[in-house]
Amino acid sequence: MALPSCLPSLLAVLLTAAVPAMEDGQVELHPEDLPLERALAADSTGWQTVRFDRVVPSSGPVWLRTRVQVPLREPGAPLPALALGVLGAWEAWWDGVPLGQNGRPGASALSEVPGRVDVLLPLSPEGATPGAHVLTLRLSSHHLGFQPTGILHEVRVGDAAVLARARLQSLLPALCTLGALVLMGLHHLVRAASEPRRTTALLLGLACLAAAALVLLEGWRGVYAYAYPLQVVRLRLLLAAVVLVAVLLPAALAVAFDAPGRRWLLALLSGGLLIVAAMPGFDDKGLVALALSLAVSLGLAVGAVRRRKPGARGVLACVLFAGVLLVRDPWNFQERGFFIAFGVLLLSASVVHARQVRLQEERLSQALRATERLQLDLLSRSLQPHFLMNTLAALTETVETAPARAVHFIETLGEVYRHLVGMSGARTVALSRELELCRAYLALMSFRQGAPFVLDVHGALDLDATVPPALFHTLLENAFSHNRYVQPTTFRIEGERTPGRRGYRLVAPRGAGEGRAVMGEGTGTRYVAARLEEAFPGAWRLEAGPHEDGWTTRVEVPE
């Protein structure tokens with residue numbers, strides 16, 4: 001219904017002093033769908049003063065009005081515009097004059113046409129005069145999909161170009177980190193596919209990409225004016241990205257610093273984040289999730305500093321820096337401080353990982369050089385004159401007394417050396433091949449000593465799993481070097497399994513006389529250690545000790 005031409009100016013005069021000001025954070029709300037004449041009248045009956053960020057219509061349409069200040073502008077400057085950020089569909093009046101609409105308010109979800117979240121409306125020359133003006137909105141929000149704290153996010157007057165540029169400038173810190181986060185994430189994922197310590201690189205890569213997704217989701221609203229029903233989709237995706245970052249960053253630090261009890265710690269963190277994610281609403285979830293993540297990261301960094309882990313002090317400084325940004329401005333941290341704080345933190349974690357990889361590569365290079373030398377030492381040890389003389393003497397006696405058995409003796413000797421030569425250049429071999437070598441070696445020693453020697457294998461053994469070549473063969477040689485076996489003897493290899501690890505226990509019985517199987521620092525022991533370092537750099541364990549019947553050697557490697 002059209003209003004008399006004099007009514008808008010009269011309404012502006014009557015309402016300007018009575019309506020609460022947007023500058024003070026207040027608006028007036030009427031919960032009923034009033035007739036237009038009554039809604040624009042200078043009548044305060046039924047109107048309630050509320051905070052602008054607490055406007056949540058329980059039904060629709062409802063009416064809202066507030067006093068908005070138009071600033072002074074330079075002569076010749078363009079007319080200002082009104083920036084409105086509302087989760088709903090609305091129609092707007094400026095001093096009682098129709099200003100525009102966004103979607104179409106309705107009494108139900110079927111009759112409502114959703115509007116966009118952010119809109120810029122140009123003001124007319126009459127409406128752009130400096131001073132106080134009254135903005136009146138008829139709005140509805142039937143397609144929210146969640147219960148927000150408030151649906152009115154922004155009411156601001158200014159130069160249209162400046163307002164548009166301000167939105168992008170607020171996203172500048174986040175957008176500046178986007179390319180770096182994507183490149184870091186892809187770099188780590190590529191390294192995860194090609195380096196020994198894949199877990200740390202994988203977690204860092206996923207954390208960087210999750211942070212990059214968070215940047216894109218934060219910038220979505222500033223660069224694309226989407227319809228307000230998509231706000232709940234954006235908020236859910238934002239929460240998912242925040243939770244991923246909150247889990248992946250501490251997980252990467254825990255693995256990188258080899259934190260004790262990290263499985264339980266990360267399980268508790270994940271459980272806490274799931275509880276936070278299940279709570280209603282969206283406003284505080286991201287803040288709580290990031291605060292929990294920083295608290296766990298702080299504990300991991302402090303523990304790493306105490307254990308003198310390389311790079312731990314730098315990570316600790318970055319965690320403290322992020323914590324300061326969070327405490328100083330918690331409500332804007334996710335939109336502004338997060339990208340600087342977590343970008344620096346991810347970068348420091350990447351530096352720590354790069355140092356670890358470099359150290360591992362150096363250790364691997366040293367192990368390879370040592371292995372090349374020890375391969376020749378091992379073969380020469382098996383070909384040493386004393387060993388060959390004893391073997392040939394036993395063979396000569398067997399040829400004279402039992403020619404058929406001597407043929408089998410020669411075949412067994414050839415089988416042992418075929419295995420040794422075939423394995424010497426390999427980094428790892430299947431456990432089944434290693435056991436074949438051990439059985440061939442024991443069969444050879446049985447011919448030499450005149451007593452049967454048997455290998456008993458049992459426990460959690462995967463015959464397709466890989467081990468360094470001649471690992472157990474070398475340990476058996478050590479046992480024969482330090483013991484005199486003249487009676488039938490059984491050697492045992494027992495398999496063990498723990499989460500992510502596999503272990504092997506070789507039990508060598510005590511021989512005759514005073515000798516005992518020992519784990520010294522000779523060629524055989526150095527060969528075993530070098531081969532383990534080459535195959536599983538920094539991730540193996542070798543232990544040995546006596547037991548009631550002889551000597552036990554335990555080897556533990558990753559799955």
Side-chain angles (χ1 to χ4, degrees), residues 378 382 408 411-413 415-420 422-424 426-512 515-520 524-525 527-529 531-536 539-559:
L378 185 68
S382 299
H408 188 38
E411 291 175 347
T412 303
L413 179 63
E415 183 180 358
V416 170
Y417 284 111
R418 278 195 300 272
H419 278 300
L420 285 173
M423 290 181 176
S424 62
R427 183 176 177 182
T428 59
V429 296
L431 178 62
S432 57
R433 285 189 62 192
E434 176 67 17
L435 295 180
E436 290 175 2
L437 170 62
C438 292
R439 290 191 173 100
Y441 175 75
L442 290 178
L444 177 64
M445 297 307 292
S446 298
F447 279 114
R448 277 187 46 179
Q449 304 296 104
F453 302 129
V454 179
L455 181 64
D456 180 19
V457 177
H458 61 90
L461 287 171
D462 179 6
L463 296 181
D464 293 325
T466 58
V467 295
L471 174 70
F472 299 118
H473 167 264
T474 305
L475 297 176
L476 288 174
E477 280 193 330
N478 272 357
F480 278 94
S481 297
H482 296 280
N483 288 270
R484 187 165 61 91
Y485 293 110
V486 294
Q487 299 294 330
T489 304
T490 299
F491 298 85
R492 297 199 315 274
I493 295 180
E494 303 168 357
E496 304 171 341
R497 281 189 182 274
T498 56
R501 308 282 290 178
R502 52 191 168 99
Y504 304 97
R505 187 187 304 272
L506 173 65
V507 180
R510 189 185 303 277
R516 61 188 180 95
V518 298
M519 194 70 188
T525 303
Y527 173 83
V528 169
R531 278 296 203 180
L532 287 170
E533 179 64 24
E534 177 191 2
F536 311 102
W540 56 275
R541 293 180 61 186
L542 178 64
E543 301 172 344
H547 72 296
E548 61 274 12
D549 297 321
W551 194 265
T552 297
T553 304
R554 185 175 182 275
V555 178
E556 184 180 295
V557 295
E559 278 286 4

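- Two residues are said to be in side-chain contact when any heavy atoms from C-beta on lie closer than 4.5 Å; Leu435 and Ile493 meet this criterion.
- Of all non-hydrogen atoms in Ala451 and Val486, the two that sit nearest each other are CB-O, 3.7 Å.
- The shortest distance between side-chain heavy atoms of Leu442 and Thr489 does not fall below 4.5 Å.
- Side-chain atoms of Glu434 and Leu471, non-hydrogen and from C-beta on, do get closer than 4.5 Å to each other.
- Once rounded to the nearest 0.5 Å, the distance linking CG of Asn483 with CG of Asn478 reads 10.0 Å.
- At least one side-chain heavy atom of Val457 sits less than 4.5 Å from a side-chain heavy atom of Arg439.
- Residues Leu431 and Phe472 form a side-chain contact, since some pair of their non-hydrogen atoms from C-beta on lies under 4.5 Å apart.
- Annotation: the span from Ser432 atom OG to Asp462 atom CG amounts to 9.5 Å, rounded to 0.5 Å.
- Arg497 pairs by the salt bridge (charged side-chain N to carboxylate O under 4.0 Å, His left out) definition with Glu559, not counting sequence neighbours.
- Atom CD of Glu556 is separated from atom CG of Leu542 by 11.0 Å, given to the nearest 0.5 angstrom.
- Contact between Ala430 and Leu463 at its shortest, heavy atoms only, is CB-O, 3.9 Å.
- The shortest distance between side-chain heavy atoms of Leu476 and Leu506 falls below 4.5 Å.
- A salt bridge (charged side-chain N to carboxylate O under 4.0 Å, His left out) with Glu496 is found for one member of Arg502, Arg541, Arg505, Arg501 and no other, namely Arg505.
- The two residues Thr553 and Ala544 have their closest heavy-atom pair at OG1-CB, 4.0 Å.
- Scanning for ring pair (Phe, Tyr, Trp, His ring centres under 6.0 Å) contacts around Phe480 gives Tyr441, Phe453, Tyr485, Phe491, with sequence neighbours left out.
- The nearest pair of heavy atoms linking Leu455 to Cys438 is CD2-CB, 3.9 Å.
- In this structure, Val467 and Tyr504 have side chains that are in contact, with non-hydrogen atoms separated by less than 4.5 Å.
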